[in-house]
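The figures that follow rest on heavy atoms only: side chains count, while hydrogens, waters and symmetry mates do not. Positions are given from 1 along the sequence. Note that ligands are numbered from 1 as they come in the structure, with each ligand's atoms numbered from 1 the same way.
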Amino acid sequence: MKPKKTKNSKHKSGSKKITDRNILEEIIRVDHAGEYGATRIYDGQIAIFGKDSKIGKTIQHMADQEQEHIEKFNELIIEYQVRPTALLPIWNAVGFALGAGTALLGEKAAMACTVAVEKVIGTHYQEQQKLLEEDQKKLKKIISKFEKDELEHHDIGIAHDAEKTPGYKILSKVIETGCKAAIIVSKKI
Ligand SMILES: [Fe+2]
Ligand SMILES: [Fe+2]
């Protein structure tokens, strides 16, 4: 049995803050789920518009970045030994349906979908960086980079007249609420 710590046995690493393991697992699980869902949304949109159309090429640029993001989280989930969410098959179907569904409403609606999703994800990534302590500098840097990519996607959506979609406010609200709900369940389940 180890001797009990006395007042004189403080270890030197005591000053370095360590991220709570549960928080760390939730962050990796939900980001992995979200990036997977993002690839499926853009898959759905490209399936409707075709990748050779003008809008298809713009979407493909964002889809390529999402592919990088999911590949990184595929690595991280193994490196950190985090169980992926059990809901991946759902995000597969829901993501594609959301992408294809908004694309069927038109280019502006597809961009409104991007704006709504990326707004939620961007904010979420910002909040996560505050939860990561000094021991997770590498992960923090990755999330910070991805946050910038997501905000770029958001701005692309705005630049492509997302806000001129008929029923923009209600559409955004529905998608934002759905994304927030998806975040809550993907952390735990
Ligand atoms: Fe992403
Ligand atoms: Fe994105």
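The atom name of the N/O/S atom in Glu35 closest to the Fe ion (ligand 1) is OE1. Among heteroatoms of the N, O or S kind in His153, ND1 lies nearest the Fe ion (ligand 2). Of all the N, O or S atoms in Glu66, the one closest to the Fe ion (ligand 1) is OE1.
A distance of 9.0 Å separates OH of Tyr125 from CD of Glu118, quoted to the nearest 0.5 Å.
The Fe ion (ligand 1) has an N, O or S atom of His69 closer than 2.8 Å. Note on Asp149: not counted as a metal contact of the Fe ion (ligand 1), no N/O/S atom lying under 2.8 Å.
The only member of Gln60, Met62, Gln65 that meets side-chain contact (heavy atoms from CB on, under 4.5 Å) when paired with Tyr42 is Met62.
Centred on the Fe ion (ligand 2), the angle running from Glu150 (OE1) to Glu118 (OE2) is recorded as 130°, rounding to 10°.
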(Q) Does Asn22 form a side-chain hydrogen bond (donor to acceptor under 3.5 Å, both in side chains) with Glu26? I'd like the steps, not just the answer. (A) CA-CA 6 Å; Asn22 284 334; Glu26 285 184 4; over 6 Å; no
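Within 6.0 Å of NZ on Lys145 lie more than 12 heavy atoms contributed by other residues, nucleotides or ligands.
Contact check on Glu25 versus Arg21 returns a salt bridge, with a Lys/Arg side-chain nitrogen under 4.0 Å from an Asp/Glu carboxylate oxygen.
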